[in-house]
Amino acid sequence: MKERIVANLPETFPWIETIHYFDTIGSTNDEARRMAKSGAPHGTVLIAGHQTGGHGRRGRSFHSPAGSGIYMSVLLRPDCAPTELMHLTCAVAVAMCDAIEQAVGFRPGIKWTNDLVCGKRKIGGILTELGFTNQGLVDYAIIGIGINCTQTELDFPEDIRSIAASLAMVSQTRVEADVVAAAMIQALQKMDSQLLSAKAQILAQYKKDCITLGQEIVLLRGDGKRYGIARDIDPDGGLVVEFQSGTLEV
């Protein structure tokens with residue numbers, strides 16, 4: 001699989017020597033974190049054919065069956081303060097929309113902040129993590145991405161069958177995972193080169209791709225519920241919500 005992915009990359013691609021492939025792994029993010037603490041370089045890419053312990057946000061699991069998706073983590077070492085990376089997840093989401101559009105022919109939407117969707121069905125998710133130096137700067141950033149590639153509806157567990165989809169289901173075409181993976185890696189490398197210099201342009205595209213804007217939302221905090229409408233994305237990628245009281249909050 002690694003050879004097929006590399007074959008779809010330019011020979012001079014800067015991360016080509018730091019791509020690692022695993023048939024099965026617990027979690028690519030966990031392994032990327034271990035490698036980061038051991039000194040792995042910027043641009044290290046981990047791809048797995050199967051995860052036994054994939055992570056979602058807030059401690060949730062990410063369904064990662066063998067031979068059906070792309071489970072990838074990329075290690076970056078940006079030289080900046082954490083406050084300069086507040087938009088990182090948004091930037092990754094835009095890059096993944098670019099990659100899927102290039103490789104499969106349709107552009108997914110983004111459900112704020114980190115879900116890739118088509119209609120009301122999720123086709124992928126993003127989980128970003130940061131590690132810090134003793135001086136409070138960013139030591140490393142880990143970008144974790146899971147994309148459903150070839151599943152049919154019946155391949156998903158029953159509890160998520162009505163809300164999940166794959167690239168093949170949406171495109172109604174044969175999807176080559178190695179082609180998609182190569183497009184993802186190239187999009188992430190391009191994103192990395194622009195991450196700090198083109199923040200405004202990245203967030204402008206994020207707004208175009210974000211399906212949450214204009215929608216009614218419910219904010220859950222503890223036992224409380226607040227209702228509002230998603231109005232905008234702020235300069236750090238936060239969701240600006242107009243609540244029923246008329247107030248705007250991020």
Side-chain angles (χ1 to χ4, degrees), residues 1-23 25 28-29 32 42-51 54 62 64-76 88-111 114-118 121-128 141-151 164-195 198 201-202 205-206 208-210:
M1 180 65 166
K2 176 182 174 180
E3 291 75 15
R4 297 203 306 272
I5 294 170
V6 169
N8 284 287
L9 295 171
E11 291 184 5
T12 57
F13 185 71
W15 296 352
I16 207 162
E17 298 298 330
T18 51
I19 296 173
H20 306 266
Y21 182 80
F22 306 84
D23 289 326
I25 198 171
T28 57
N29 263 32
H42 181 92
T44 296
V45 180
L46 291 77
I47 308 168
H50 176 215
Q51 289 187 127
F62 186 88
S64 311
S68 300
I70 298 169
Y71 317 110
M72 179 186 297
S73 294
V74 175
L75 169 64
L76 303 180
L88 176 61
T89 300
C90 295
V92 175
V94 170
M96 292 304 93
C97 288
D98 291 344
I100 291 169
E101 185 173 32
Q102 175 187 330
V104 188
F106 75 91
R107 190 173 187 88
I110 303 166
K111 180 181 177 183
N114 68 321
D115 285 346
L116 302 173
V117 298
C118 186
R121 290 178 179 256
K122 179 175 176 177
I123 59 174
I126 297 161
L127 181 66
T128 55
I142 295 171
I143 297 165
I145 306 157
I147 304 289
N148 302 326
C149 287
T150 62
Q151 294 97 325
S166 68
L167 301 182
M169 287 170 60
V170 175
S171 66
Q172 295 292 297
T173 61
R174 179 181 174 85
V175 172
E176 301 290 349
D178 55 313
V179 174
V180 177
M184 291 167 62
I185 297 169
Q186 290 182 85
L188 288 168
Q189 192 275 330
K190 180 180 178 181
M191 177 217 74
D192 170 61
S193 70
Q194 302 173 342
L195 184 60
Q201 295 94 315
I202 290 169
Q205 184 61 53
Y206 185 89
K208 293 178 181 179
D209 292 327
C210 183

Greater than 12 external heavy atoms within 6.0 Å of K2's NZ:
yes
What do the steps show when you test F22 against H50 for side-chain contact (heavy atoms from CB on, under 4.5 Å), and what is the final call?
CA-CA 8 Å; F22 306 84; H50 176 215; over 6 Å; no
Reported OH-to-OG1 distance for the pair Y206 and T89, which is rounded to 0.5 angstrom:
8.0 Å
Do F106 and L167 touch side chain to side chain, with heavy atoms closer than 4.5 Å?
yes
Heavy atoms only: give me the nearest V117-K122 pair and the separation to one decimal.
CG1-CA, 4.1 Å
As a quick check of understanding, evaluate side-chain contact (heavy atoms from CB on, under 4.5 Å) for I143 and M96, giving each step before the final call.
CA-CA 11 Å; I143 297 165; M96 292 304 93; over 6 Å; no
Quick check on side chain to side chain donor-acceptor pair (under 3.5 Å): which of Q186, K190, Q205, R107 does D98 satisfy it with?
R107
What are the two closest heavy atoms between L9 and A182, and how far apart are they?
CD2-O, 3.6 Å
Could you tell me if the side chain of I142 sits less than 4.5 Å from the side chain of T128, heavy atoms only?
no
Check: N114 and L127 side chains under 4.5 Å, non-hydrogen atoms:
no
Separation between CD1 (I100) and CE (M184), nearest 0.5 Å, reads 7.5 Å
Quick one: does P108's side chain get under 4.5 Å of C97's, heavy atoms only?
yes
Exercise: identify the closest heavy-atom pair between E11 and I16
O-CD1, 4.4 Å
Do you know the tightest heavy-atom contact between A32 and L46?
N-CD2, 3.7 Å
At their closest point, which heavy atom of Y71 faces which heavy atom of G49, and how far apart are they?
CE1-O, 3.5 Å
OG1 (T18) and CZ (F13) are apart, to the nearest 0.5 Å, by 8.0 Å
I'd like to check H20 versus I25 (side-chain heavy atoms, cut-off strictly below 4.5 Å). Are they in contact?
no
Using the rule given for side-chain contact (heavy atoms from CB on, under 4.5 Å), can you reason through I110 versus D115, listing the C-alpha separation, both sets of side-chain angles and the distance that settles it, and then say yes or no?
CA-CA 6 Å; I110 303 166; D115 285 346; over 6 Å; no
From L88 atom CG to L76 atom CG, the distance as rounded to the nearest 0.5 Å
7.0 Å
To the nearest 0.5 Å, what is the distance between CD1 on I123 and SG on C149?
9.0 Å
Please step through side-chain contact (heavy atoms from CB on, under 4.5 Å) for the pair S73 and N29, ending with a clear verdict.
CA-CA 6 Å; S73 294; N29 263 32; 2.5 Å; yes
Do you know the tightest heavy-atom contact between L188 and M72?
CD1-SD, 4.1 Å
Taking the side chain as every heavy atom from C-beta outward, state whether I70 and I145 have any atom pair closer than 4.5 Å.
no
To the nearest 0.5 Å, how far apart are CD in Q189 and CD in Q194?
9.5 Å
Below 4.5 Å, heavy atoms only, C-beta onward: do V74 and D192 meet side chain to side chain?
no
Heavy atoms, side chains only, cut-off 4.5 Å: are I47 and I185 in contact?
yes
